Amino acid sequence: MSSSDPVSTVIESNRAPLEAFRTVRLHLGMLPPFQVEELRRRSDPYLGFRDEVEEFQNEFLSGVCTRKCFSSRASDCCNRDGIAVFFADVVVECLYADDERIDLLCRTLEQDRGGFKCAYLGPEGCLWRIKPIVCEMFLCDHAMKSVLDPDPLLRGRWEDLRSRERQYTWPDRPVLFDELEGVFLQAGHESPLMYFHRSPGLLRVKARSMPRS
Ligand code: SF4
């Protein structure tokens with residue numbers, strides 16, 4: 001956090017993501033353009049995957065979500081306690097979103113005063129361009145039961161997307177989310193959001209996947 005921030009003005013839960021946005025933006029701004037392009041090139045397959053998930057959500061789930069939650073404003077999806085942001089979510093957002101959006105996200109975190117709903121939930125929906133992966137892959141029980149359970153083919157397509165998600169986020173093999181954290185760690189940056197290098201559970205998964213000599 002910059003020294004110009006009186007710590008007391010940013011609520012505790014927003015400090016780590018705010019610091020991560022600032023760190024990533026600053027670091028990317030200092031890299032030569034070809035290195036930023038290289039990070040985008042490595043992330044592009046993930047963006048393609050996210051497009052496919054979004055298409056699936058738009059085609060099969062947006063109707064039920066709009067009816068059940070958005071219109072009635074009863075949504076439980078975007079509550080504050082339900083969200084987890086990985087450092088790599090922040091890196092991907094900074095690689096693909098424009099400066100205005102990153103400014104908006106930082107301002108939102110600075111000005112947020114807490115409450116039940118997620119800080120990033122604006123009047124038109126999520127403020128992220130590429131929302132955190134945990135949010136993207138979350139389906140409530142109602143959506144599961146009313147849309148996916150009655151249609152095994154559709155359910156199979158969703159399960160397939162879920163298993164493809166693991167190719168980017170489950171470190172029993174080299175995965176993008178771990179790799180992006182590593183890039184910033186090697187450059188001397190640290191963040192509580194670097195779960196792939198800090199979470200005992202994920203570290204165990206990584207250790208188990210190491211080839212034994
Ligand atoms: S980040 Fe976006 S999608 Fe995730 S809980 Fe917050 S508003 Fe909802």
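Numbering of ligands and ligand atoms starts at 1, following listing order. Here the structure is a predicted model, which is why all the values come from computation and not from measurement.
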Next item on the list: Using a cut-off of 6.0 Å, state whether more than 12 heavy atoms not belonging to Arg40 lie near its atom CZ.
Entry: yes
Note to self: So if I apply the ring pair (Phe, Tyr, Trp, His ring centres under 6.0 Å) rule between Phe184 and each of Phe196, Phe87, Phe177, which one comes out positive?
What the structure shows: Phe87
Check: With a cut-off of 4.0 Å, which atoms of ligand 1 are near a heavy atom of Pro132?
Finding: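 Taking each heavy atom of Pro132 in turn, ligand 1 has 1 (S) under 4.0 Å.
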Item checked: Sub-2.8 Å protein N, O or S atoms surrounding atom 8 (Fe) of ligand 1 -> Cys78 SG
Checklist line | Lys/Arg N to Asp/Glu carboxylate O, Arg22 vs Glu110, below 4.0 Å | finding: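 Here Arg22 pairs with Glu110 in a salt bridge, since their nearest N and O are under 4.0 Å apart.
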Notebook entry, point to check: Quick one: does Glu52's side chain have a donor or acceptor within less than 3.5 Å of a partner on Leu161's backbone?
Noted result: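 Not confirmed, Glu52 side chain does not pair with Leu161 backbone.
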Next item on the list: Report yes or no: does Arg129 contribute a side-chain atom to a donor-acceptor pair with the main-chain N or O of Ile102 at less than 3.5 Å?
Entry: no
Next item on the list: With sequence neighbours left out, write down each residue that passes side chain to side chain donor-acceptor pair (under 3.5 Å) with Glu38, or none if nothing qualifies.
Entry: Arg41
